[in-house]
Structures are given as structure tokens and as C-alpha cells.
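Heads up: numbering here begins at 1 and tracks the sequence. Atoms within a ligand are numbered from 1 in the order they appear, just like the ligands themselves. Just so it is clear, the model here is predicted, and its values are computed rather than measured.
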Amino acid sequence: MTPTPASLFARFPARFTWGVATSSYQIEGAPAGDGKGPSIWDTFSHTPGRVSGGDTGDTACDHYHRWEGDLDLIRSLGVNAYRFSVAWPRVQPTGRGPANAAGLAFYDRLVDGLLARGLTPWVTLYHWDLPQALEDAGGWPSRDTAHAFADYAAIVAGALGDRVRHFITVNEPWVAAHLGYAEGIHAPGHRDHGASIRAAHHLLLGHGLAVGAVRAHAPGAQVGITLNLAAAYPSRDTPEDHAAARRQDGFANRWYLDPVFGRGYPADVCELLGRLSPEAQGVVRAGDLETIAAPTDFLGVNMYSRAVVRDAPGRGWLDLEQVRVEGSEYTGFGWEVAPQSLTDLMLRLEHDYEPGALYVTENGATYPDTVDADGQVRDPERTRYFQSHLAALADAISGGAKVSGYFAWSLMDNFEWAEGYDKRFGLVHVDFATQARTLKASGRWYRDFLTRAAVGTPG
Ligand code: FCB
């Protein structure tokens, strides 16, 4: 039985952060505006064959120019928080050196605009738009990038930290490292497994250094990392599939969780990596693991689906394959709708890692939405997705997980990386030809869910 919005809402703490999320490259456009330098996503999307349909983020949602209207839209949803990212190459066009005042000023206006509307800003420092000049100098596989990131974090924390109380260092290091450097399907498009392991180490090191930079330049602000996590399950109840699920969990989840929470890299995965492990590649220097384990205030979790795997000797270095589950529902991305796995995941994180607080920093679904003749966007699957995942989150809270907030992905349809504009995740539909924004039925549902019970103070 579907709960009413009010009864579902009542299952959450009174002090709770309710938000929507976006990221810079996906919405801003203005790739050279006010002195911005190119990022790896500018380069990648302009390389023929890399992004579906040849789409680029050149205009995206034109948020760089339409931000005021977009903030009004956010406010109209009844959320109390907004998660966005700062584009590093707007702040430092080549990734190093003094701040570009005009670029930084954009985020200054944005933060003031949010506060004026009673919205709490959540700033992600790195959501994948690495300055191209840093990639040319070696990118994340190079240690220098982690130090450059810390300098950049200090600039942003210094400029915004008087008003911003929540910073996320890095968004989804697994995606940045693995899809960007091993699989080549995200920028910068390399296919080098060893380099991806080095990239992952330096993303984590950059996170740890950035925690220090935020603490120093924005005293009292909360800081954490956001990981993409998907609970892993065996396809069959066999020892082999259980072992495969553990390998999947090690590769995608524990590889990041363990070092961030002070346990170093998981030994079982290091063993599988052999000469490609961070130690064997010689990238772990004395003190790195301590830096990576810098105490944080929260763990951000981006959750979309789960992984169901079976043992498949010879299939890649993990000897496993993902299985499509008979009878399950799948989103437009081919991701299984698996709300129960959100409950399992949050309880496991609470139990195994005891983070200061847990926030769902992204959760959502893509479906091929269209605007009907009457101007409405009817997306009942997305509404069901949000309902079921919020119910699952409420179950996790009842079970003891200390969850302090939830951000829906995404405020509006945007540039979905390698998929271009094809995959729509918004609560708000965007017509990319006219930039018209239309609240989808799911957006109305979220608004009603939040406003019927009146949003309390952010947690
Ligand atoms: C996450 C990303 C976000 C968006 C969603 C669908 O991996 O953090 O930018 O692309 O997936």
C-alpha cells in the first residue's frame, strides 16, 4: 500500500535536510564565461564519438545565466537545501594559481541567492570537471593533482566558508577513477587499469587534504565525501556467488569506504589487483592513509540501484558478471529499481563504519519523459521510485541508521555525461531548445510531500 505523503513524511526526523542536487558541468553552460578555463569534460564532449548524439555541455541548462529563476524554482519545491558543485576551472582556469575573481563571484551570488531564499547551500568541490591543464600535466594519476585540489579547496572554502556550512570534497571517486581512467567512457577517456588505481588513490588523497583545507579556511563548517554505493548481492545462494558479491563490494564500495574510515585499502582487493595495487605501484607514501582518513562530519551516499552478481571465472579481473533480475523493474538507464537495498546499505554503513552522519546526496531515476499536448509531464514511474526509496530510507532510520538528509537527483533534466541530453533525471523537465522549465508530476509529488507536512529545520 502506498503511504500518503504526510504519513511517509512523518517517518523522518523533524530536523532533516531535504534537498535537490545538481552539478556544475551538467547545468551551467557558459564554458568560457568570465574567464573560465576548459575542463576535461569540455574536451571530452567535443571529441567526436565520446558522448551520445555528439552532445556537449556548452549550453546545458544555461544555468550560469538563468540561476536566479532556477533558485526561485528550487524554493518553490519546498526543499530547505540545495546541493551544487563549483567548477574548478571557473575558479582557477588552469587549475593552479590565483583565483579568477569573476568565476568565484558567480558562486558568491549563488550562495547569497540561496540564503536570501532560506535555502541551505551544500557545496561539492569536485564533481568531475577537472581543469584540462591539470589533465595535460598527468591528471588524477599524478600526485600533484591532489595537492592542486587542496589549494583550490582552500580558495573556495575561504571565499564561501563564511556562509557555506556544508562542503563535500569529492563526488563519486569510483566513477571519476574507474569510468574516466580504466573504462574510458567518462572524461578524460583513458583505458588504463593501473592509471585508474593511481587516480583513485589521488582522489582519496585530495579528499583528505581538502578536508584539512576546509577545516582551516571555513572553521566550523561540516565536511565529508560523497561515494556512489550500491549494495552487492549474490545471484544464487552458492559460495561462489557469495564470494563474487564480496569481490564486487570490495571493488566498488569498500575500496573507498575502508581508507576513508581509517582501515586502509581492503586486502582482498589488493590481492586481486596484484602488481596494480596501490602499494605495488608505489603510490602510497608515508602518511597518505592517515591523510585520507581525516575525520569527517558525514558520509554522503549516492544511491541509484544495487548490484546482483554471479561468479564468472575469466570475466575481467573480478571474475564476475552482473545479472539482470527476472521480474524486477528497471529504469531508463537499465538500472534495477531496488529500494530495499537502500535500507540494507544505510544500515550496513551505520553498523560497519559509524559515520558522524549519513546523507543521501543523490537518489533518482531516468525515464524517457515527454511533454504532453496539455503541457504536463506525466512520470508516474519516477514518483514511485522516490516514494519507494524514501520509504526504504525511513526503514533504515527506524532500524538505527543516523540519516540526516536526502537530496533528490536532480533538480532538472541536464547533461547526463556520456549519455548527453538523452537521459532525463529531473523533477523539472527542460526543453533544451527553448530552455523552458516544466515541473513534472514527480516534482509536484515531491513538493506536496514536503509542503504538506511543512519542512522543519535542516539537520
Ligand atoms: C551520478 C552522478 C550524477 C548523475 C547521476 C545520474 O553518478 O554523480 O552527476 O550523473 O549519477
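- For atom 5 (C) of ligand 1, the closest heavy atom belonging to the protein is Tyr304 OH, 3.2 Å.
- Checked for salt-bridge contact, Arg263 and Asp352 miss the test: no charged N lies under 4.0 Å from a carboxylate O.
- Checked by distance only, ligand 1 and Ser23 stay at 3.5 Å or farther apart across all their nitrogen or oxygen atoms.
- Note: an N/O pair closer than 3.5 Å links Gln26 and ligand 1 by distance alone.
- A salt bridge is absent between Arg424 and Asp379; no separation between the charged side-chain nitrogens and carboxylate oxygens falls under 4.0 Å.
- Nearest to atom 7 (O) of ligand 1 among the protein's heavy atoms is Glu172 OE1, 2.5 Å.
- Just one of Lys423, Lys440, Arg437, Arg382 meets the salt bridge (Lys or Arg N to Asp or Glu O under 4.0 Å) condition when paired with Asp413; it is Lys440.
- Residue contact check: Trp409 has heavy atoms under 4.0 Å from atoms 3 (C), 4 (C), 5 (C), 6 (C), 9 (O) of ligand 1.
- The six-membered or imidazole ring of Phe298 lies near that of Trp122, with a centre-to-centre distance under 6.0 Å.
- Annotation: cation-pi geometry satisfied between Arg90 and Tyr64 (NZ/CZ under 6.0 angstrom from ring centroid, within 45° of ring axis).
- Each of the following atoms of ligand 1 lies closer than 4.0 Å to a heavy atom of Trp417: 3 (C), 4 (C), 9 (O), 10 (O).
- In this structure, the protein non-hydrogen atom closest to atom 2 (C) of ligand 1 is Glu362 OE1, 3.3 Å.
- Between Asp129 and the options Ser39, Ser24, Ser85, a side chain to side chain donor-acceptor pair (under 3.5 Å) holds for only Ser24.
- Heavy atoms of Asn228 found under 4.0 angstrom from ligand 1: none, in either backbone or side chain.
- Proximity of the aromatic rings of His186 and Trp41 is defined here by a centroid distance below 6.0 angstrom, and this criterion is met.
- Residue His127 places a heavy atom less than 4.0 Å from ligand 1.
- Ionic pairing of Arg96 and Asp151 is not present here: no N-O contact between side-chain nitrogen and carboxylate oxygen is shorter than 4.0 angstrom.
- Here is the list of ligand 1 atoms found below 4.0 Å of a heavy atom in Asn171: 8 (O).
- Distances below 4.0 Å separate heavy atoms of Trp128 from the following atoms of ligand 1: 2 (C), 7 (O), 8 (O).
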